[in-house]
Amino acid sequence: MEGLTVVDHPLLARHVAVLRSAGTSREQFRHALGEAAAILAYEATRDLGRDDFTVLTPLEPASAQRPARAIAVVAILRAGLGMVDGFLRLVPEAAIGHLGMRRNHESLRPEAYYESLPDVIGEATTFVVDPMLATGGSAVAALTRLEQAGAADLRLVCLVAAPEGVLSVREAMPGLPPIVVAALDRQLDEKGYIRPGLGDAGDRLFGTG
Ligand code: PRP
Ligand code: URA
């Protein structure tokens, strides 16, 4: 699909299988989501701009590189929290933001209930993380809010996406770089669940529902 990068990697596929399985325990689900998020972070950060600098080895100066911009990770609560630690394994210096979005079960529209954004988003590359991209309502609301807050360079990273959600984000944010996901699923069902999906990510992560 246009505007989407589906990360094709056997180790990621293994974690997606664990996450999909109804027999997976909460502990295994948390672990697999963290591991999957680290692999997604590796792919999602691949095209970050770099600064050149010189480092002194014990023998002589060597040219070196580092990411040019600060990095921020913004988790869409609650389920996005399950991806933060995986990201931090690769970018431990990242600033972390939180956006509370609860999907109304009748309208399927997101309702914002919490916001805490890092100061650096005006100059950082900001990765918005949420395992599920279903209708796309929560992601569009989060990205729109971050744009209003002055975010300079936004990216969206999800575990599983429905085609409907991808289209809705692409339509609302045409300038967004390709959304990075582990899997593009078949469709949404009448209750707004991704099929085959993995069920309710927040409930499986936190033992609610
Ligand atoms: C889930 C999921 C996304 C959202 C996706 O969150 O984590 O944030 O639904 O659906 P959408 O694309 O149709 O907006 P939910 O609202 O269930 O909250 P939770 O993470 O607290 O469980
Ligand atoms: N949110 C989830 O947690 N799962 C879905 O399938 C859709 C939205």
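These figures come from a predicted structure and were not determined experimentally. Read the numbers this way: they start at 1 and go in the same order the structure lists the ligands and their atoms.
- A salt bridge between Asp200 and Lys191 is absent, with no side-chain N of the basic residue lying under 4.0 Å from a carboxylate O of the acidic one.
- Heavy-atom distances between Gly199 and ligand 2 reach below 4.0 Å in at least one pair.
- Close approach to Asp200 involves these atoms of ligand 1, each under 4.0 Å from a residue heavy atom: 22 (O).
- Taking atom 4 (C) of ligand 1 as the reference point, the nearest protein heavy-atom neighbour is Ser138 OG, 3.5 Å.
- For the pair Gly197 and ligand 2, no heavy-atom separation below 4.0 Å is found.
- Contact check on Glu123 versus Arg69 returns no salt bridge, with no Lys/Arg side-chain nitrogen under 4.0 Å from an Asp/Glu carboxylate oxygen.
- At a threshold of 4.5 Å between non-hydrogen side-chain atoms, the residues Pro163 and Leu184 count as touching.
- Judged by the shortest distance from any of its heavy atoms, Arg103 lies inside the 4.0 Å radius around the atoms of ligand 2.
- Using a cutoff of 4.0 Å between basic side-chain nitrogens and carboxylate oxygens, Arg155 and Asp153 are scored as salt-bridged.
- Of the protein's non-hydrogen atoms, the one nearest atom 8 (O) of ligand 1 is Asp130 OD2, 2.4 Å.
- Look at Ala201 and you'll find every heavy atom at least 4.0 Å from all atoms of ligand 1.
- For atom 15 (P) of ligand 1, the closest non-hydrogen atom of the protein is Arg103 N, 4.1 Å.
- Under the 4.0 Å criterion applied to side-chain N and carboxylate O atoms, Glu35 and Arg89 are assigned as salt-bridge partners.
- Protein heavy atoms are absent from the space less than 4.0 angstrom from atom 1 (C) of ligand 1.
- Scanning all protein heavy atoms for the shortest distance to atom 21 (O) of ligand 1 gives Arg78 NE, 2.7 Å.
- Annotation for ligand 1: atoms under 4.0 Å from non-hydrogen atoms of Ala79 are 7 (O), 20 (O).
- Among Arg109, Met132, Met101, the residue whose heavy atom lies closest to atom 5 (C) of ligand 1 is Met132.
- Shortest contact from atom 13 (O) of ligand 1 to any protein heavy atom: Thr135 OG1, 2.5 Å.
- Close approach to Arg102 involves these atoms of ligand 1, each under 4.0 Å from a residue heavy atom: 16 (O).
- Set against the non-hydrogen atoms of Gly136, the atoms of ligand 1 under 4.0 Å away are 11 (P), 12 (O), 13 (O).
- Evaluated for a side chain to side chain contact (heavy atoms under 4.5 Å, CB included) with Leu143, the options Val128, Ile76, Leu99 yield exactly one hit, Val128.
- Below 3.5 Å of separation, one finds an N or O of Ile194 facing an N or O of ligand 2.
- Below 30°, between 30° and 60°, or above 60°: for His31 and His15 the angle between ring planes is above 60°, a perpendicular geometry.
- Atom numbering of ligand 1 starts at 1 in the shown order; those under 4.0 Å from a heavy atom of Gly202 are 22 (O).
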